[in-house]
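Since the structure comes first, as structure tokens, the remarks are kept for the end.
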Amino acid sequence: MFWFEGEAPAAASAEESSKSLIDRIGKVRMAGLPFVAPKYPLRAVEAHSVRDVLQMLQGYPSNSFLWNEMDHRFYLKKGIHLSHLSEASFMRILHQFVHGATSLRRVEIFVTKVSKASCDTASSSVKASPTLQAFANAVLMRLESLRQAAMRKEVQAVGGGAGTTVTLLSLSESLSW
């Protein structure tokens, strides 16, 4: 923060102290230039985006990805971007994860309906055939193995370690089932 002659430096507010040096320099240098303001107000850290993607692949909504019950699909929260990627690149990378997670969740919904239909014989007028039940169980087992792979990646990302960094691109490469 800059002070002019005659002004006493006040104690830095919590907001000022939490901003990065780059943000503070940019704020001072670009004051009054409307085109300099970021298009999206929520800058994310790639590690947080990786964690949110992995949670979404396991079927859970996260800070960045919301589940819409009406459309049965995941959506990226508006306004999120990474500072080192263009909007188009970020969306292209995330689209494959959103599509995959949405498909997995829809399969889970289908399998759950089949399981309920086969278990609830008294209240259900439609009973799932044994072949459909076996198919649903096989699909459920495969779904669980895919989610376990995402969970192992999440443990690796959280655990980290020397030289271990999980990025969105490495995640895309390693989880291309």
Side-chain angles (χ1 to χ4, degrees), residues 15 18 37-160 164-177:
E15 180 184 334
S18 68
K39 184 175 180 181
Y40 296 106
L42 302 174
R43 185 175 6 184
V45 177
E46 188 164 11
H48 295 165
S49 295
V50 166
R51 183 196 64 220
D52 289 347
V53 163
L54 289 168
Q55 288 176 353
M56 177 181 61
L57 287 172
Q58 293 174 51
Y60 305 112
S62 63
N63 294 332
S64 302
F65 301 99
L66 307 173
W67 175 254
N68 185 325
E69 279 296 330
M70 298 298 292
D71 294 339
H72 292 289
R73 64 179 298 137
F74 281 102
Y75 287 100
L76 176 65
K77 190 177 192 180
K78 290 188 180 200
I80 295 176
H81 79 287
L82 294 178
S83 60
H84 66 280
L85 287 176
S86 69
E87 176 187 0
S89 297
F90 187 52
M91 292 303 146
R92 197 170 298 123
I93 291 170
L94 291 181
H95 175 73
Q96 63 186 338
F97 293 120
V98 170
H99 179 71
T102 297
S103 298
L104 289 173
R105 185 80 184 262
R106 286 177 177 171
V107 168
E108 179 185 29
I109 291 169
F110 167 76
V111 169
T112 302
K113 286 181 182 178
V114 169
S115 296
K116 283 184 180 180
S118 62
C119 292
D120 261 352
T121 55
S123 64
S124 177
S125 61
V126 178
K127 184 174 174 168
S129 70
T131 305
L132 183 59
Q133 291 173 13
F135 174 73
N137 287 336
V139 169
L140 183 61
M141 288 173 33
R142 181 64 182 153
L143 181 65
E144 288 302 316
S145 71
L146 292 173
R147 293 220 166 124
Q148 288 294 324
M151 188 181 302
R152 284 190 299 275
K153 266 299 185 192
E154 186 175 15
V155 168
Q156 179 186 358
V158 170
T164 305
T165 303
V166 180
T167 64
L168 289 171
L169 288 176
S170 69
L171 191 63
S172 174
E173 179 68 26
S174 66
L175 290 180
S176 58
W177 302 312

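Since this is a predicted model, take the numbers as computed values, not measurements.
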Contact check, side chains of Ile80 and Phe90, non-hydrogen atoms, under 4.5 Å: yes

Least distance between heavy atoms, Asn63 atom then Arg51 atom: ND2-NH2, 3.6 Å

Residue pair Leu171 / Phe97, side-chain heavy-atom distance below 4.5 Å: yes

Flag side-chain contact, heavy atom, 4.5 Å: His81 against Glu87: no

Any residue meeting side-chain contact (heavy atoms from CB on, under 4.5 Å) with Asn137, in chain and number order, not counting sequence neighbours: none

Between Ser170 and Thr167, a side-chain donor and acceptor under 3.5 Å: yes

Nearest heavy-atom neighbours spanning Ala136 and Val111: O-CG1, 3.7 Å

Close side-chain approach of His72 and Trp67, heavy atoms under 4.5 Å: yes

Results of salt bridge (Lys or Arg N to Asp or Glu O under 4.0 Å) for Glu108 - residues two or more places apart only: Arg105, Arg147

Distance-minimising heavy-atom pair for Phe135 and Phe110: CE2-CE2, 4.3 Å

Min side-chain heavy-atom separation Leu76-His95 under 4.5 Å: no

Intermediate values then yes/no, side chain to side chain contact (heavy atoms under 4.5 Å, CB included), Ser64 and His48: CA-CA 9 Å; Ser64 302; His48 295 165; over 6 Å; no

Distance in Å, Leu143 CG paired with Ser103 OG, rounded so as to fall on 0.5 Å steps: 11.0 Å

Point-to-point distance, once rounded to the nearest 0.5 Å, from CZ of Arg73 to OH of Tyr75: 4.5 Å

Rounded distance [0.5 Å steps], NE2 in His99 versus CG in Leu94: 14.5 Å

Interatomic spacing from CG in Leu82 to OG in Ser49 - rounded to 0.5 Å: 4.5 Å

Check against side chain to side chain donor-acceptor pair (under 3.5 Å), Ser86 and Ser89: CA-CA 5 Å; Ser86 69; Ser89 297; 3.0 Å; yes

Distance (rounded to the nearest 0.5 Å) between Leu169 CG and Glu173 CD: 9.5 Å

Side-chain heavy atoms of Ser172 within contact of Gln96, under 4.5 Å: yes

Shortest non-hydrogen contact from Leu57 toward Ala150: CB-CB, 4.1 Å

Between CE on residue Met56 and CG on residue Asp52, distance to nearest 0.5 Å: 8.5 Å

Polar side-chain atom of Glu46 near backbone of Leu168 as donor-acceptor pair, under 3.5 Å: yes

Side-chain heavy atoms of Leu85 within contact of Ile93, under 4.5 Å: yes

Sub-4.5 Å side-chain heavy-atom contact between Val98 and Phe65: yes

